[in-house]
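Note that ligands are numbered from 1 as they come in the structure, with each ligand's atoms numbered from 1 the same way.
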Amino acid sequence: MKLLISLLALSLIITACNIPPPSDGQYSGDNGLFEGNTEAQEASIHTNFSKHFMIGTAVSAKQILGGDRSTLDLIKKEFNAITPENIMKWELIHPKPNVYEFKAADALVNFAEQNDIFLVGHTLVWHHMTPDWIFKDDAGKYVSREVLLGRLEEHINAVVGRYKNRIDAWDVVNEALNDDGSLRESNWLKIIGEDYIEIAFEMAAKAAPNAKLYYNDYSLTEPKKRRGAVRLIGSLQAKGVKIDGIGFQGHYGLTWPSLNKLEDSIKAFEKLGIDIFISELDVSVLPRGGENQLGADISLNIEIEDKLNPYPRRLPPVIEAKLARRYHEIFAVLNKHRDIISRVSVWGLSDENSWLNDWPVKERTDYPLLFDRQMKKKSFVSSLHLAK
Ligand code: GLA
């Protein structure tokens, strides 16, 4: 009887989600979700992707300093690239004038070096998580272009210079564009002017000539923003500024962005001849908190309601199957372009750690990552490298 009920449930899930049956050996899971063969299930994620691109994750201060060996062991087994989730953001690494907090960053750099993991520094110039003091003088007035450039150069020399030849790549500028592709009216733009972006890249290149230098942003799959980013990078290249790559943050949902938009953007940036990668992938299964949640504007904070938090205890199998299918569809596009994609990094290790539990609505339960709350690898992960 039990078996009959399970079989019935399984066929319902398969029908509901229109998942292809395990016919060609690629989808061999017996639970209705995609699973790789036993060898792929036992291998680490980055081993499965060794012919594709690097597979990365974001690491928190708690993980790197918390003394929990098993989490760090899991990270080094499964991933061959890491990005500090928050550790190197200005307000944490350089909270006050002349005060630098390098403890967590040093530990992260040592960890990456000891385990031969590609390390991305994140991030030098951003409008969030950047303390107000850098833009103001003692009287609280905005500083001049020269003063701000001086502070930026000091910061870049101190942070990028400290880890010269030890950090492989830097997200130099994060989120400089509005959704319509124009330049964001940040304090950087208002005080320095449009050339703050090229100046930041030049300063970073001087402080670490061997590091790869990237521009990183969300919603790059949206045509207007994509065009803005292509314009921006093209203009840097025309001026001879060193820029090596574009990071699509990749904060996605079950139904957006469309796969066509993702592919169109990959092709658009391919023409620029730079590295293309997904820098912060996660797939939210929760309802959007309004139209604005398409991007990743961290200043959003929407009131919680039950309907916005539909799975507080567990993810129903039907939604789990949708998540599996969506991850497979996204990776089908990425795998197809693996000759030009250098890395895919997910934004956190397990669902428990995800920022999406608190954004854009606080205290929800989301399931966006590759490991569940028990640190178990989700069953669809072992066949992601086969998706096509
Ligand atoms: C943006 C930033 C990341 C992080 C996320 C939210 O994507 O680039 O550093 O703050 O928002 O976690």
Side-chain touch Glu78/Phe371, heavy atoms, less than 4.5 angstrom: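 Yes; the side chains approach each other to less than 4.5 Å.
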Whether His128 lies under 4.0 Å from ligand 1, heavy atom: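 In this structure, His128 fails to qualify as a contact of ligand 1 - no heavy atom is under 4.0 Å.
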Shortest protein heavy-atom distance from [atom], along with the residue and atom involved:
atom	answer
atom 7 (O) of ligand 1	Glu280 OE1, 2.3 Å
atom 4 (C) of ligand 1	Lys89 NZ, 3.4 Å
atom 11 (O) of ligand 1	Ile298 CG2, 3.7 Å
atom 9 (O) of ligand 1	His122 NE2, 2.5 Å

Check for me whether the distance between the ring centres of [X] and [Y] falls short of 6.0 Å.
X	Y	result
His251	Trp256	no
Tyr100	His94	yes
Phe277	Tyr214	yes

Sidechain N-carboxylate O distance under 4.0 Å for Glu329, Arg325: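 Yes.
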What are the atoms of ligand 1, with element, lying closer than 4.0 Å to any heavy atom of [X]?
X	answer
Asn174	2 (C), 8 (O)
Trp126	2 (C), 10 (O)
His251	7 (O)

Backbone of Pro368 reached by a side-chain donor or acceptor of Asp282 within 3.5 Å: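 Answer holds: no.
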Trp347 N/O to ligand 1 N/O under 3.5 Å: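 Min N/O separation from ligand 1 is below 3.5 Å for Trp347.
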Mutual orientation of the aromatic rings belonging to His122 and Trp126 [parallel < 30°, tilted 30-60°, perpendicular > 60°]: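 Tilted, since the angle between the ring planes falls between 30° and 60°.
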